[in-house]
Number of protein chains: 2
Amino acid sequence: MTIGTLAPVCAALGDETRWTILSALGEGDASASALAGRLPVSRQAIAKHLAVLQEVGLVEPVRVGREVQYRVLGSHLSDVAHRLDAIGAEWDRRLAAIKEIAEGL
Amino acid sequence: MTIGTLAPVCAALGDETRWTILSALGEGDASASALAGRLPVSRQAIAKHLAVLQEVGLVEPVRVGREVQYRVLGSHLSDVAHRLDAIGAEWDRRLAAIKEIAEGL
DNA sequence: ATTGACTGCAACTTGATGGTTGCATGTCAA
DNA sequence: TTGACATGCAACCATCAAGTTGCAGTCAAT
């Protein structure tokens, strides 16, 4: 049950602005410029966020003519979610076992 | 499918040191001082991390005599994981639908 | 060919955060 | 009651990250 690369993904998901971006991309692919039109931050700020999200595999660039659209990768988010779930379950299992021993005489 | 308080929890999970702490707590409750004995950071630093983790509900303090032990809350981590999974699945579902429309004429 | 729009890179500012040390407080136990 | 150990609070430092502006490079369309 290796933690491995989990922290960077969580760090990427720890920013509200990035959730706003992900949420927007969830309704369809979009470029940094297009997103900058809807959100109250500069295009460059959005580009940085997209780079972070791409780095951890939550988003994927797709060239369309001269612009670069970004696509959200739901399956990767689900993968991360499953790993977190497994860790949480493991903690509960272990603590239950400890409690068992403590009570059981 | 509200995002709500998801970002703060993810931000808390975005730090390697906090994962080390959580991992240690996963093997049994421990106080800040006890953790400081095993980890290469000061007790105060650990106390701050525990405060962050407690803030987002990943950890719970338990007074034992004069010391304060912390217990990891696996079920809460699993809750978060399920919410993330649902969001990822929703993204995939929507993009599949869009693709369907684009192809299916 | 030129113009306009989109991308990419770089420098800078600023606020948040992880870390430290020092000291005060509190509480168990001999 | 007094000493030892644990917590809590505060100040401080350094680094990182989010955001900005500005400019250069590309590519499509007129």
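A quick note: this is a predicted structure, and the numbers were derived from the prediction, not measured. Lettering of chains follows the sequences in order, A, B, ..., and the numbering in each one begins at 1.
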> Nearest-Å distance, CG (B:D15) to C1' (C:dT17)?
Replying inline: 9 Å
> Can you list the residues that meet the salt bridge (charged side-chain N to carboxylate O under 4.0 Å, His left out) rule with B:R71, with sequence neighbours excluded?
Replying inline: B:D29
> Of all heavy-atom pairs between A:V59 and A:L50, which one has the smallest distance, and what is that distance?
Replying inline: CG1-O, 4.1 Å
> Which residues pass the side-chain contact (heavy atoms from CB on, under 4.5 Å) test with B:E55, sequence neighbours left out?
Replying inline: none
>> Rounded to whole Å, please give me the gap between CD in B:Q44 and C1' in D:dG8.
In response: 9 Å
> Counting side-chain heavy atoms from CB outward, which of C:dT20, D:dG8, D:dT21 is closest to B:V68?
Replying inline: D:dG8
> Atom CD of A:E67 to atom C1' of C:dG4: distance rounded to whole Å?
Replying inline: 14 Å
>> Please determine whether any donor N or O and acceptor N or O are separated by less than 3.5 Å between the side chain of B:E16 and the base of C:dG18.
In response: no
>> Tell me every residue that passes salt bridge (charged side-chain N to carboxylate O under 4.0 Å, His left out) with A:E27, counting only those two or more places apart in sequence or in another chain.
In response: B:R94
>> Whole angstroms only, please: what is the CG-C1' distance between A:L39 and D:dT20?
In response: 16 Å
>> Going by the rule side-chain contact (heavy atoms from CB on, under 4.5 Å), which residues pair with A:D92 if we only count those two or more places apart in sequence or in a different chain?
In response: B:S75
> In chain order, what residues pass the salt bridge (charged side-chain N to carboxylate O under 4.0 Å, His left out) check against B:R93, with sequence neighbours excluded?
Replying inline: B:E90
> Counting only side-chain N and O atoms of B:T17, is one of them less than 4.0 Å from OP1 or OP2 of C:dG19?
Replying inline: yes
> Who else is in the cluster with B:V62 when I, L, V, M, F, W and Y are joined by side-chain contacts under 4.5 Å?
Replying inline: B:V64
> To the nearest angstrom, how far is A:L35 atom CG from C:dA5 atom P?
Replying inline: 19 Å
>> Walk along nucleotides 24-30 of chain C from 5' to 3' and tag each nucleotide B, S or - by protein heavy-atom contact under 4.0 Å, base first, then sugar-phosphate.
In response: ---BB--
>> Between B:A34 and A:P40, which residue's closest nucleotide on DNA chain D lies nearer the 5′ terminus?
In response: B:A34
> Do any of residues 47-54 of chain A sit with a heavy atom less than 4.0 Å from DNA chain D, and if so which?
Replying inline: A:K48, A:H49
> Under the side-chain contact (heavy atoms from CB on, under 4.5 Å) test, which residues partner B:A47, sequence neighbours left out?
Replying inline: none
> Which one, C:dT20, C:dT7, D:dT20, comes nearest to the side chain of B:V41?
Replying inline: C:dT20
>> Can you list everything that forms a side-chain contact (heavy atoms from CB on, under 4.5 Å) with A:R18? Sequence neighbours excluded, please.
In response: A:A12, A:D15, A:H49, A:V52, A:L53
> Side-chain N or O of A:S42 less than 4.0 angstrom from OP1 or OP2 on D:dG19?
Replying inline: no
> B:W91 side chain to A:L73 main-chain N or O, any donor-acceptor pair under 3.5 Å?
Replying inline: no
> Near DNA chain D, under 4.0 Å by heavy atom, which residues of residues 24-32 of chain B?
Replying inline: B:S31, B:A32
>> List the residues meeting side chain to side chain donor-acceptor pair (under 3.5 Å) with B:S78, not counting sequence neighbours, and say none if there are none.
In response: A:D85
